Each structure stands twice: as structure tokens, then as C-alpha cells.
Protein chains: 4
Amino acid sequence: MSSKVEKNKRQKENSLYDAAYNLFTTKGINDTAISDIVKNAGVGKGTFYLYFKDKYDILDRIILKKSSEVLCQAIAETKSKDFKAFEDELLYFIDYIIEYFKKDRLMLKLIYKNLSWGVLKKASKDYEEIREIYTMFEKGYANTSLPKEDIEKILFLIMELTGSISYSSIILKEPTDIDEMKPILFNTIRKII
Amino acid sequence: MSSKVEKNKRQKENSLYDAAYNLFTTKGINDTAISDIVKNAGVGKGTFYLYFKDKYDILDRIILKKSSEVLCQAIAETKSKDFKAFEDELLYFIDYIIEYFKKDRLMLKLIYKNLSWGVLKKASKDYEEIREIYTMFEKGYANTSLPKEDIEKILFLIMELTGSISYSSIILKEPTDIDEMKPILFNTIRKII
Amino acid sequence: MSSKVEKNKRQKENSLYDAAYNLFTTKGINDTAISDIVKNAGVGKGTFYLYFKDKYDILDRIILKKSSEVLCQAIAETKSKDFKAFEDELLYFIDYIIEYFKKDRLMLKLIYKNLSWGVLKKASKDYEEIREIYTMFEKGYANTSLPKEDIEKILFLIMELTGSISYSSIILKEPTDIDEMKPILFNTIRKII
Amino acid sequence: MSSKVEKNKRQKENSLYDAAYNLFTTKGINDTAISDIVKNAGVGKGTFYLYFKDKYDILDRIILKKSSEVLCQAIAETKSKDFKAFEDELLYFIDYIIEYFKKDRLMLKLIYKNLSWGVLKKASKDYEEIREIYTMFEKGYANTSLPKEDIEKILFLIMELTGSISYSSIILKEPTDIDEMKPILFNTIRKII
DNA sequence: TATGAATGAGAATTCATTCAT
DNA sequence: GATGAATGAATTCTCATTCAT
């Protein structure tokens, strides 16, 4: 296949991704029809089915893509800082994620209700950076006697807590604004590790 | 209005609640149509609209009802035990909730992603028991200098953490089974308070 | 039946008339449901069927009532002026009707599309005043040799023309405003008689 | 787009027009459902919404189409006769319309109460023939000092009168049959011009 | 590959009418 | 007479999916 054709295909697929993401975040998943997506993407209706099975197929892929993006960016940024203390490193990582969500509330809204940390772990085949989160965390626990599985569980627990608190305080403003929750959350994480 | 008519109305409304709950938990929300609900409830289609605005109206009310039920039962049971230590009391309360969810996974699946602790707080007007959760928690912190708001935030955080971990480990088995997560979760809560 | 009960019945019927008239003129006939009418009238749904067969039954009666009212008022007012010339008398009568419609556009909109002069004639059993329109017109033609039927046809024609022009110029502003159409219309009527 | 597809589209649209027209005239507008239309047209239900917004959209377009057809035919026929006198020409034109309505009462019934001369004028962009009615009329008034607007108003008035009388005498037989009304109507028009 | 016209199953919603109280 | 809860047929409208071009 000529690379021109290949490029054109990639282009169509991407415009479908973009259109779907925009519609899912602004109108909601239920209120977005495939005909909306193809209209916004500027492609024919049949074309959608060449790339995706249905609405939930493209949704799943978008969620994976977007949440990986956040995590990759967060881990890359954290690693570049060369923290001495593990606690500082972890909190910087968590804070980066929260600040990201604060700037892109629509994305948080879309991915939170549809993402589980477990799904991401499966995706870690494709994203080396996600494995690095584990590495960072395990290194932080290097001189403890905790079994590796327990360390992973603690990481899992912290990630779930972060996601949960981010969602409720950023999206629902419950029980209060994220900036007021952060000290409590960070303090809690410090106690946990 | 005669009490016979009144009783009949209550009956219809309840059979709609029950039918909707069963369908939502077994078939899922998206795959449940109003016509399914009325068919299962044994009432006419128009009757649905006499009591509810649409599918999401009945869903919201079910979620509120069911989640209040869990919490009310949990707090009642906890109070009846007359714990001496606050830590024991809180962990018993949390454990009760988790065990409830273990027995009724479908309910957990339905309510978790659609419920926020904030919504419940608003409902606490109608449910005295929910206010008692706060009372219990505040009593536990009685001899600290923490401001009342911070105590509430910590409670909120623990509730979100519990819900989040319950959902992922009971429903998704991620990162592992709930029984393996419990020690870590309880240990974490102990550290937090 | 005691007159108190009788009065109460009349009251309910009247509030149904009023409610229906208000809804028909503001929301339109198609968009007015019987449940709207009874709600606005403050009576039970079953009550409607004690007085009217269906929506079109009450509509027909309202149209007859309202259009008779206009005509009765117009003829009474005209007679009270004691015109010498028939032309002046007829034009005053027509003008009175037009001015009435100008002040109550909603009513014109409701009755025009649903009323025919013929329907009114049938109603003239109940409304002596409507017969007087004929009398006035025939008197005006007293010293001509025209057969009575032709005189009636001319009156009919003038009434249809008036209604038609009122509707288009007052409601649709077509071809122009009623005040600009009046001179042409009056001039035309003068030529006709 | 291939002309085959284009032709097929036109065909579907036309069968919808035809089916809707037949149902509107025979069953009435209120008693015609979209599902009746598509069934009679032999197309899928969704196809209707590909071409029309709703029942009133197709109705409006039908009315415009049909009323333009009558007028176009009437003016074409009139022009072909090469009348010397304007009065003869106008009356022939009016008579043609009336005879048309006599033969197609259902059409008259459908379009009259839903059509205004004003709507037609707007459509005259698409129908050159409608503009020719104005031309004919203005030519007839060529050697008078009447302003152009007044001439148009008189034409409007004559058209409204014709429509109104046609409707009541052909459809309602009020006050009498159209053939008995014609002499009076023609006489009146003669007086008006 | 890409298209978009066509489909029809199925979802939500309305509403006239009945009838037990 | 008066009520209003209950009904379910009827209607509108949507939308995922197909397939001929």
C-alpha cells in the first residue's frame, strides 16, 4: 500500500478519535450518536465501521489513550526532577496528575467513571512508562520487608484514592474544592507510605 | 383520598421500583427500557410516567434508597455493639459495608459509579442515621485539636477509599480479591485516623 | 336540583370554557390536551366528560360563542347610532368588527380558521341579533328589485371578504397592515353595494 | 453522486409527497400519521426523516406545490387565449381557478385554510408564472393613476375573495352552490376593478 | 477504501377515555 | 355529580447497521 494511502487512513482514524472525544466530553456518551461522530469528523458513516466496532469500542480506546497520556506525562516529568526522597517523588507525581485534571475537567469526567487502574495495568504492555510507575514505587519500598504484592496493593490503593478524591472534589466540589482537599489527601498519603 | 386508593398507589410505585432495580442490576441501565420495567412491574406504560419523569429519575431515587439502606443498617448494627475503642467501631462499620457489598455485588455495581458521598449528605435530612455516622466520627476525634471541617474531610476520604476499593476488588477483582485487600485497607485506615 | 348545585355546575362548565379558550388561543388547538384544560380549570379530569364530548366539542362551542359575541356587539352598537344612510351603517358595522379583531388578535386567529358564516347562520336561532344583521342589510336594499336570495349572497360575500382580509392583514400582515388595507376594503364594499 | 442514486432519491421523495397528499386529503391532516405516509409510500420510516422535518414540513411544501400548480396552470391558460379586454382576461383566470377547484374539491379543502396569498408571493421567486399574474393585473390598470401598491392590494383582495367564496360554496355549500354564487362573485369583481 | 442513502426495530412519551370510589 | 389513578394504543422520532456504488 502506498504510504500516501496509509497516511490518509491514519488521518481519518484520528479525526474520528478527535471528534468522538470532543463529543463524549461535551455532550456525554449517551447523547453522542455515531452519526454525530462521523459528521464532526468529516467522514462517511460507513468509514466509522472500518475502524471501530461500535461506540463503546472507540470509547474504550479513547479512555485508554487519554489516561495513559496523563500517567506517561506525570511519570516522565517526575523522573526528570531527580528527587532524593521517595515521599517527595510520589507526592510530586500525584500532584502532577491532580493539576492535569484541574486543567482538563472534561477529560477527568470522561475517564474516571470508565477507567480502572486494572485496565491500565493490562495496557502497560504498550506503555513502558506505566511499568515505570511500579518501578518507582518499588524502589521507594526497597529497604522494607514488605512482599512485592503488598507494595503493589498499596500503590493501587493510593491511585484509587487519588482518582476518587480528584473526581469528587474537582467535578462535584464535594466535600469541598480540590485545593482544600489536597493537604488532607497528601497528609493521608504520607501516613500510608 | 381513601386509604385504599393510597395503598394501591404505593403498591404500584413499589412494584416499579422493584422491577427497575432488578432490571438495572441484571441487564444494565442502558439495556433496560421503560417498557421492560412496566412489563415486569405488571402495570401500564402510562403508570410509569405518573410516578417518574424518566429512566434516570427512577434510577437516581433507587440509588439513594439503596445506598441509604446499606449505611443505615451498618450504623445501626455498629451502634448496637457498644464499642469501647473508636478504631474498632469505625473498622466494624467499614467491614459491615464491605460484607454487605460482597453479598450483593449487583447492588454495589449499580450504586457505586452513580453515587457520591455528597449526594448522600444531602439526603441526610431524610435519614437521621446518616447524620449519626458523622456523630460517631466526630466523637472519635473528640480529644484532638483538629477543626470540625477537617474531621469531615477525613471521613469523606475514608468513605471514598472504601467505596473505591470495594468496587474494584469485588466487581473487577482488581488488583486482587477483596479478602486480600481488606488487611491493607484496614491497615491504611488505621494509619489515617 | 337545588340552585346551589345548579350554580356550582355552571361554574365548573364556565371555568372549563375559560381555560380551554385561553389554552387554544395561546398554545394552539393541537397542542392543548384535555388534561391541560382540566388542570387550568381546576377541576377533575372526569368532569370534562360530564360537560363535553371531546376537545372539538368544546372548541366548536367556544367558536360559536365568541363569534356570536363579536357580531352581537357590533350590531347592537351599530343600531344604537341610528344611521341615516345604509352605506354608513354597514361600514360602521364592518369597522366595528375589524377594530374588535385588532384588539383581540388571538381570538381572530382562533375563530377565523374554524368558523364559517354558514355555521353562524344556523346559530341565528339562538341569537336574535344575528338575524338583525340580515334585517339591516335587507332594509338597505329595500328599494331595489334584487331578489332576497341575491341580497343575502351579497351580504355573505361582504362578510367573507371582511373576515378574510382581517385575518390576512391583522394576523399575517399580508399584503400589509390592516390600517392600510381598510381604505381599499371600504372602497370595495362601497362599490359592491 | 451517480445519477442513478440521485434519481432514486427523487423517486423516494416523490412517493412520499404523493402518499402524504393522498392521505391528507382523504383522511385529514390530524388523522394521518407518519407511519401511514411511509407505509403508503412504500419506504422505510427513517426515510421520511431524511427528507422532511415532520408532518407539518411536508404539509407546507405540498400546499405550496399544489397551489402554485393551480395558479401556474390558470395563468398559462389565460395567456394563451390572448384576451383583448382586461376584464375578460381576469374573469377567465378566476373562472379557471374555480373550475379547477370544482373538479378537485379535496385539494381545495387541503390548501385553502392553510394557504395565504402572501406565502405564495414569497414562492414567486421559484415560479415565474406567479409574477405574471401581477404583470397581467398591472397591465389592466395601465392607464389609471392608481399607485402600484394599491393595484396589488386590489389583486390581493380579489384573490382572497375568490378563495374564500370557492371554499365556502364548493366545500360547505354555503350560502349556496358555487354555480349560483359565480354570477354574484363575477359581478362583484367587475365592480371592484 | 470510502461513502451515505435506506432501513426498521425499538425507544420514549403522550393522551383520550374509563371507572371505582 | 365529581374525581383522578390507571391504562395501553398510538405516535413520533432515533440510530446502529448494511450495502450498492
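All chains are named by letter (A, B, ...) in the order of the sequence lines, taking the proteins before the strands, and each is independently numbered beginning at 1. All values derive from a computational prediction rather than experimental measurement.
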Ring center gap for Y17(B) and F24(B) short of 6.0 angstrom: no
Closest to side chain of K45(B), choosing from dA2(F), dA9(F), dT21(E): dA9(F)
Carboxylate-amine/guanidinium proximity below 4.0 Å for R10(B) and E6(B): yes
Candidate pair Y21(C) and L110(C), rule side-chain contact (heavy atoms from CB on, under 4.5 Å), full reasoning: CA-CA 9 Å; Y21(C) 176 72; L110(C) 181 69; 3.9 Å; yes
N or O in side chain of N8(D) less than 4.0 angstrom from dA20(F) OP1/OP2: no
Value in whole Å for how far the C1' atom of dA16(F) lies from CD1 of I58(A): 14 Å
Atom pair distance, as rounded to whole Å: NZ in K53(C) and C1' in dT18(E): 16 Å
Flag side-chain contact, heavy atom, 4.5 Å: K65(D) against I62(D): no
Touch class at under 4.0 angstrom, heavy-atom based, for Y51(D) against every strand present: sugar-phosphate
Presence of K12(D) side-chain N/O under 4.0 Å of dT7(E) phosphate oxygens OP1/OP2: yes
d(CD, E6(B); C1', dA20(E)) in whole Å: 16 Å
D54(C) CG to dT18(E) P, straight-line distance once rounded to whole Å: 11 Å
Value in whole Å for how far the P atom of dA20(E) lies from NZ of K7(B): 19 Å
Student check: side-chain heavy atoms of T25(B) and K109(B) closer than 4.5 Å: no
Distance-only check: which donor-acceptor pairs under 3.5 Å involve side-chain atoms of residues 39-49 of chain C, not counting sequence neighbours?
unit_1	atom_1	unit_2	atom_2	d
T47(C)	OG1	G44(C)	O	3.3

Minimum-distance nucleotide to T47(B) side chain [options: dT7(F), dT21(F), dT13(E)]: dT7(F)
Between dC19(E) (P) and Y49(C) (OH): distance, integer Å: 13 Å
Nearest-neighbour nucleotide for the L50(A) side chain, dA6(F), dA16(F), dA2(E) considered: dA2(E)
Strand contacts (DNA chain E) in residues 16-41 of chain A, 4.0 angstrom heavy-atom criterion: none
Between P of dT12(F) and CG of L59(D), the distance in whole Å: 13 Å
pair V70(A)-M107(A): side-chain heavy atoms closer than 4.5 Å: yes
DNA chain E base-pair string [pairs: Watson-Crick or G-U under 3.5 Å; |: paired with another strand]: .||||||||||||||||||||
Most 5' of G46(D) and G44(B) on DNA chain F, judged by nearest nucleotide: G44(B)
4.5 Å side-chain heavy-atom contact, L16(C) and E13(C): no
Sugar-phosphate, base or nothing in reach of F48(D), heavy atoms under 4.0 Å: nothing
Sugar-phosphate only, base, or nothing, as touched by Y56(C) at under 4.0 Å among non-hydrogen atoms: nothing
Listed nucleotide nearest any side-chain atom of V43(C), set dA5(E), dT14(E), dT3(F): dT3(F)
Spacing of F52(B) atom CZ relative to dA6(F) atom P, expressed in whole Å: 12 Å
Within-4.5 Å side-chain heavy-atom neighbours: I111(D) and F101(D): yes
Minimum-distance nucleotide to K55(B) side chain [options: dA16(E), dT1(E), dA12(E)]: dA12(E)
Nearest-0.5 Å distance that lies between atom CG in L106(D) and atom OG1 in T26(D): 7.5 Å
